[in-house]
J.: 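For reference, the structure I am asking about is given below.
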Amino acid sequence: MKFGYFDDENREYVVETPATPLPWINYLGNQDFFGLISNTGGGYCFYRDAKLRRLIRYRYQNVPADMGGRFFYLRELGKTPWSPAFLPCGTALDRYRCRHGLGYTVFESEKDHLAASLTAFIPLHETCEVHSLTLKNNGKQEKEIELWGAVEWCLWNAADDAANFQRNLNTGEVETEPSVIYHTTEYRERRDHYAWFSVNTHTDGFETDRDEFLGPFGDWRAPRRVTAGQSKNSEAHGGAPIAAHRITVKLEPGEEARYVFLLGYAENPRDQKFSAPGVVRKDGARRVVDRFLNPAAADAALAELKSYWTELLSVYTVSSKEPRLDRMVNIWNQYQCMVTFNMSRSASYFESGMGRGMGFRDSCQDLLGFVHLIPDRARERILDIAAVQKPDGSTYHQYQPLTKRGNNDIGSGFNDDPLWLVAAVCAYLRETGDFSILEELVPFDSRPGSEAPLLEHLRCSVHFTMNHLGPHGLPLIGRADWNDCLNLNCFSEEPGESFQVTGPSDGAVAESVFIAGMFVKYGREYADLCRRLKLGDEAARVDQAVADMEKAVLTDGWDGAWYLRAYDAAGNPVGGESCAEGQIFIEPQGFCAMAGIGGAEGRPQKALDSVRKHLLGDYGVELLTPCYTAYHKELGEITSYPPGYKENGSVFCHNNPWISIAETELGRGEEAFDVYRRICPAWVEERSEIHRTEPYVYSQTVAGRAAARPGEAKNSWLTGTSAWSFVNISQAILGIQPDYDGLRIRPCLPRELGELTVCRRFRGVDYTIHIRNGGGHRPQLRLNGLPLAGDLVPLPPEGVKTCHVEVRL
Ligand code: GLC
Ligand code: GLC
């Protein structure tokens with residue numbers, strides 16, 4: 001069952017009912033200012049940091065759900081108020097549509113022949129949300145309407161706002177002007193920023209005191225002032241400051257009216273923050289308010305935003321006969337990659353915006369999905385990330401986006417982290433050819449004076465693994481590897497204790513076969529890079545370590561029909577047939593097979609066959625089986641989840657692409673595409689009532705077969721699935737791989753994708769790649785009409801800006 005449809009031409013998902021299984025959200029904003037907005041208008045916005053600079057209040061876990069955001073009310077005299085986005089009023093509408101587009105959302109609704117169209121977006125280069133509302137009288141009589149637009153201010157720090165009431169019920173302050181309400185809480189002291197909510201028209205009144213607006217026992221669905229049709233122009237002092245504007249509208253039949261509401265943020269220099277004693281200096285807001293006085297400015301800003309996305313998404317496009325493939329590749333997968341770039345794991349409807357900082361491994365992997373779109377910002381990101389590495393090569397597990405410093409609360413000890421830096425940097429180099437990044441001086445642990453070239457950081461990463469091997473010659477796992485919940489050195493028995501920081505960070509024995517796979521793959525990439533840089537000795541050293549690691553995996557990391565997962569702190573195998581539960585895990589199968597460990601003996605193929613046999617369900621490849629049915633302190637958090645959920649055997653979508661990519665390495669296009677499709681939103685859309693999360697983006701997990709409701713997804717949007725899925729489809733299945741000296745073309749397609757064209761902009765050259773799939777997997781290439789040996793299309797001579805490639809399989 002579906003609740004909407006893809007409108008590919010407009011690059012929108014059109015939600016046709018407010019009653020989706022969960023709020024289906026979209027993201028607004030590109031650089032510093034961001035908003036979340038659901039298909040019923042819920043959500044919030046913030047400047048840079050969702051915890052510290054939140055503009056409006058949002059109550060996660062509230063009942064009724066998703067009652068927060070930008071509240072709009074329309075009331076015709078004598079009739080029930082309603083909202084263009086359906087909520088907060090919840091009044092049944094005669095017509096409702098929510099169009100989630102790239103960085104904007106439109107609501108189109110109608111009630112009793114009054115039509116509303118509300119468009120929300122954040123203009124490029126502005127720190128404000130625009131809510132542009134058009135009303136139209138589709139009836140035969142004149143209409144008299146009261147329009148309210150309202151927001152409830154969050155007192156900046158979202159965590160404090162939801163906890164520290166003894167203070168924050170005293171601090172709330174506002175300033176008011178005709179048509180503009182300013183939120184100035186704490187501005188009197190150490191804040192130099194304020195927020196505002198404005199409308200580009202004369203208003204007939206306002207409210208800034210929430211209690212006054214809602215009335216006794218009131219709520220946002222039916223505020224007293226809206227139902228009564230009057231305003232008291234209340235001024236908030238402490239309590240809960242809001243901003244609500246009242247506008248009366250008269251519309252003749254067929255007549256339209258247009259309003260532009262702005263919800264904005266502005267900062268002042270500390271020494272010039274007051275325009276008069278105690279009065280906030282407001283020219284920052286004034287400039288933006290003036291810019292959008294004329295609604296045509298909002299249209300122009302929206303058009304500008306749309307062309308920004310058109311340009312961005314033109315770097316990689318496919319055109320095939322499978323619309324689901326095209327819409328994911330051309331629109332939604334890349335869009336989600338950009339959202340994970342902007343948000344990391346901070347703010348979604350599952351991440352409260354108050355939790356973790358930027359993950360080291362998450363950020364490195366996210367980069368694989370956006371480096372082709374925004375190489376400059378990827379470069380900056382790499383340098384930020386590398387600066388939280390320590391001199392011994394270990395890294396902080398997280399860093400804070402505002403300070404860019406390593407987060408001491410969680411510290412280090414996640415032994416896969418360092419190697420992800422190699423993955424990210426090599427991806428950047430292959431995309432851009434910008435080797436100068438390797439010479440950039442980057443500090444260790446953010447300490448001034450400790451700077452070393454980025455290449456040295458890569459060396460530290462690789463040698464960290466080489467220097468931390470366990471009894472079987474496999475890498476020590478530390479607190480955890482990619483699987484944050486496989487905590488082999490933790491042994492926690494206290495409820496509520498964090499599995500990620502309890503116990504020693506450097507157990508002496510527990511080893512990870514997954515990190516071994518990573519080391520073989522990325523160690524090899526690093527050695528290749530060294531050879532390119534004429535660092536032959538270093539390359540040879542690492543080659544040797546990689547060969548030793550392969551041997552260790554084949555000797556002690558193989559279980560007969562698949563790769564083992566780990567050895568625990570007592571030296572017992574994890575993820576082998578001898579285990580009662582958790583006999584086979586996805587991660588080492590994916591990574592060791594991608595690394596080709598034991599290729600000569602057919603191990604990758606055997607492992608992937610075992611994955612299909614044991615882990616593949618209708619909804620994707622599960623993380624492990626059989627799921628753990630009881631808590632094991634020697635295994636940690638993974639056994640804390642009920643069977644079929646999260647790391648305990650859900651379809652943890654993030655590592656499904658590894659399996660798919662590994663299948664392409666074996667030339668198995670059918671199997672690769674089969675795995676791709678099972679978790680791909682556009683295919684899952686048909687089962688939205690089971691899946692429940694948004695059908696246009698990936699979720700982190702989908703409940704596995706051991707769960708009570710298999711197929712139910714959780715944690716949409718902010719997941720590494722997005723980047724890896726894009727790597728999988730764009731580079732492995734469609735096979736267009738950026739490489740140091742050109743574009744490598746190695747498609748591995750299922751038969752159903754007969755003929756297709758990929759357009760790829762790479763180092764400033766536009767490649768049109770036309771692929772005819774006859775079912776083989778040895779590509780025959782022609783470049784600009786001439787046969788080309790091998791699969792590498794070299795960079796054209798200077799000045800040539802287009803290349804045409806014909807590929808036959
Ligand atoms: C979460 C974390 C990620 C980790 C994964 C598996 O998605 O953000 O870092 O690898 O869970 O535990
Ligand atoms: C929990 C989650 C895991 C996530 C971690 C982050 O352990 O299960 O997915 O990576 O929290 O701290």
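We're numbering straight along the sequence, starting at 1. First listed ligand is number 1; within each ligand, the first listed atom is number 1. What's counted below: heavy atoms across the whole structure, side chains too, no hydrogens, waters or symmetry copies.
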J.: Is it true that D417 and R479 have a side-chain N and a carboxylate O under 4.0 angstrom from each other?
T.: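 No, no charged N to carboxylate O under 4.0 Å.
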J.: Any salt bridge linking D32 with R53? Criterion: basic side-chain nitrogen under 4.0 Å from a carboxylate oxygen.
T.: no
J.: Partners of R677 by salt bridge (charged side-chain N to carboxylate O under 4.0 Å, His left out), sequence neighbours excluded?
T.: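 Counting only residues at least two positions away or on another chain, R677 forms a salt bridge (charged side-chain N to carboxylate O under 4.0 Å, His left out) with D674, E752.
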J.: Kindly indicate whether the side chain of Y27, heavy atoms from C-beta on, has any atom under 4.5 Å from the side chain of F34.
T.: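 No, every pair of side-chain atoms sits at 4.5 Å or beyond.
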J.: Does the side chain of E351 come under 3.5 Å of the side chain of W717 through a donor N or O and an acceptor N or O?
T.: no
J.: Under the side-chain contact (heavy atoms from CB on, under 4.5 Å) rule, what do L564 and V574 come out as? Steps first, then yes or no, please.
T.: CA-CA 7 Å; L564 270 183; V574 179; over 6 Å; no
J.: Any protein N or O within less than 3.5 Å of an N or O in ligand 2? List each pair with its distance, or say none.
T.:
residue: ligand 2; atom: 7 (O); partner: E637; partner atom: OE1; Å: 2.8
residue: ligand 2; atom: 7 (O); partner: E637; partner atom: OE2; Å: 2.8
residue: ligand 2; atom: 8 (O); partner: Y641; partner atom: OH; Å: 2.6
residue: ligand 2; atom: 8 (O); partner: K646; partner atom: NZ; Å: 3.4
residue: ligand 2; atom: 8 (O); partner: E647; partner atom: OE1; Å: 3.0
residue: ligand 2; atom: 8 (O); partner: E647; partner atom: OE2; Å: 3.4
residue: ligand 2; atom: 9 (O); partner: K646; partner atom: NZ; Å: 3.1
residue: ligand 2; atom: 9 (O); partner: E647; partner atom: OE2; Å: 2.6
residue: ligand 2; atom: 10 (O); partner: D484; partner atom: OD2; Å: 2.6

